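Reviewing the structure listed below.
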Amino acid sequence: MPELPEVELTRRHLAPILRGAVVEHAEVRHERMLRRQPPGPGFCSLLVGRRIEAADRRGKLLLFPLDDGRIWVVHLGMSGRLAVDGAAAGPHVRVVVRLRGGPDLLFVDPRTFGFTAVLTAEQLQAGPAAHLGPDALEELPTVDEIAGALAGRGAPLKAVLLDQGVFAGLGNIYADEVLFRARLLPDRPAGSLVREEIAALRRAVRPVLEDGLRHGGTSLDDLAYLLPDGRAGAYLSRLRAYGRAGDPCRRCGAAIRRTVVRQRSAHYCPECQR
DNA sequence: AACGATCCCTGTTGGC
DNA sequence: TGCCAACAGGGATCGT
């Protein structure tokens, strides 16, 4: 699944290709991918002819500012990836963007949970970025800020981690890994954490994400996340909680358990996490 | 307001 | 072997 590390690796790979490039042509093969594009001028007409100024990221959103002030936004959803020419083909190519004198950029997304749009800054803030908190890697909130965000909340801690408002960029896999590292149970009411636990949570976020980055991200299977050049990430084999139900905890040896929190799987060590 | 359930979508998996 | 239901999940939306 593309979560923060996978999106960041995509950004790093594409930045030198996209920066300064002019969009020569754009083709949308699956209209659902444009469901976040507001009424008015269409995605292709807003993108073609524009020069891409930068390759940024906020949470799981890829943001490509254009020379007219608008921003080309890409969210990879659950099964999306951006592939450069030749690294992908087949029935799941949803959007193709041709760069002048450069490669085609393919937005591949079998399950079409991803989307793309060309938006003004205002439209971005009112739309895809509306509920986005500080980036979990670049803008890690302080203990006080986290405490304020969790105070009084009865929702399971894991649900709060997934809703993007406190740590933008965590998804189901890295949320489990962060909770494992912080030794906190996923179904703990978010507001029940004492200060030392909040500090442990905060301390866990960056190392987990950086470990994911260092190992090329997590590729669950052939259809999930791949780097834009087609390579798979190696972090899967280093996961300590996610997907390891029944396997021994890498810290204490107890069997990792799987439960469901908010209709989503959650994995934890019943001995290490409290 | 906060929270939980449902839905979207399709490739893969497991049961019969 | 073949068929089909269940499952996976980010985030919008809706009901409580």
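Note that the coordinates shown come from a computational prediction; the quantities given were computed from them, not determined experimentally. All heavy atoms count here, side chains included; hydrogens, waters and symmetry mates do not.
The shortest distance between side-chain heavy atoms of A:Q273 and A:R188 does not fall below 4.5 Å. At least one side-chain heavy atom of A:W72 sits less than 4.5 Å from a side-chain heavy atom of A:I52. Looking at heavy atoms from C-beta onward, A:L179 lies out of side-chain contact with A:L185 at the 4.5 angstrom threshold.
At a non-hydrogen distance threshold of 4.0 Å, A:Q164, A:G171, A:N172 from residues 159-172 of chain A come into contact with DNA chain C. Near DNA chain B, meaning a heavy atom under 4.0 Å away, the residues from residues 112-129 of chain A are A:T112, A:F113.
Figure legend: A:R50 and A:F64 shown without cation-pi pairing, the cationic atom not lying both under 6.0 angstrom from the six-membered ring centre and within 45 degrees of its axis.
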(request) Could you please spell out the steps behind the side chain to side chain contact (heavy atoms under 4.5 Å, CB included) verdict for A:H13 and A:L18? (result) CA-CA 9 Å; A:H13 192 274; A:L18 293 184; over 6 Å; no
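Positionally, the nearest nucleotide of DNA chain B for A:A155 lies more toward the 5' end than for the other of A:R32 and A:A155.
Contacts of A:R35 with the nucleic acid, taken as non-hydrogen atoms under 4.0 Å apart, are absent. Counting any heavy atom pair closer than 4.0 Å across all strands shown, A:P91 reaches no nucleic acid atom.
Without hydrogens or angle criteria, A:R244 side chain to A:R240 main chain gives a donor-acceptor distance under 3.5 Å.
If you chain together ILVMFWY residues whose side-chain heavy atoms come under 4.5 Å of each other, A:V194 ends up in a group of its own. Grouped by direct or indirect side-chain proximity (heavy atoms under 4.5 Å, Ile/Leu/Val/Met/Phe/Trp/Tyr only), A:L132 sits with A:L61, A:L63, A:I71, A:V73, A:F115, A:L119, A:L124.
Dashed line: the shortest gap from a side-chain N or O of A:H92 to OP1 or OP2 of B:dT10 is not under 4.0 Å. In this structure, A:Y174 does not reach the C:dG9 phosphate: none of its side-chain N or O atoms is under 4.0 Å from OP1 or OP2. Put simply, A:S265 has a side-chain N or O that comes within less than 4.0 Å of OP1 or OP2 on C:dG9.
Heavy atoms of other residues, nucleotides or ligands lying less than 6.0 angstrom from NE2 of A:H30 number more than 12.
At whole-Å resolution of the value, CG in A:D176 and C1' in C:dG10 are 15 Å apart. Counting to the nearest Å, the P atom of B:dT10 and the CE atom of A:M78 are 12 Å from each other. For the pair A:R111 CZ and B:dC9 C1', the interatomic distance rounds to 8 Å; values are reported in whole Å.
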Sub-3.5 Å pairs of nitrogen or oxygen atoms, protein against nucleotides 5-7 of chain B:
from	atom 1	to	atom 2	distance (Å)
B:dA5	OP2	A:Q263	OE1	3.1

Please output the side-chain donor-acceptor pairs of residues 39-49 of chain A that fall under 3.5 Å, not counting sequence neighbours, one pair per line with the distance.
from	atom 1	to	atom 2	distance (Å)
A:S45	OG	A:G42	N	3.3
A:S45	OG	A:G42	O	3.0

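A distance of 4.5 Å separates CG in A:D104 from CZ in A:R98, rounded to the nearest 0.5 Å.
You won't find any donor-acceptor pair under 3.5 Å spanning the side chain of A:R153 and the base of B:dA2, going by distance alone.
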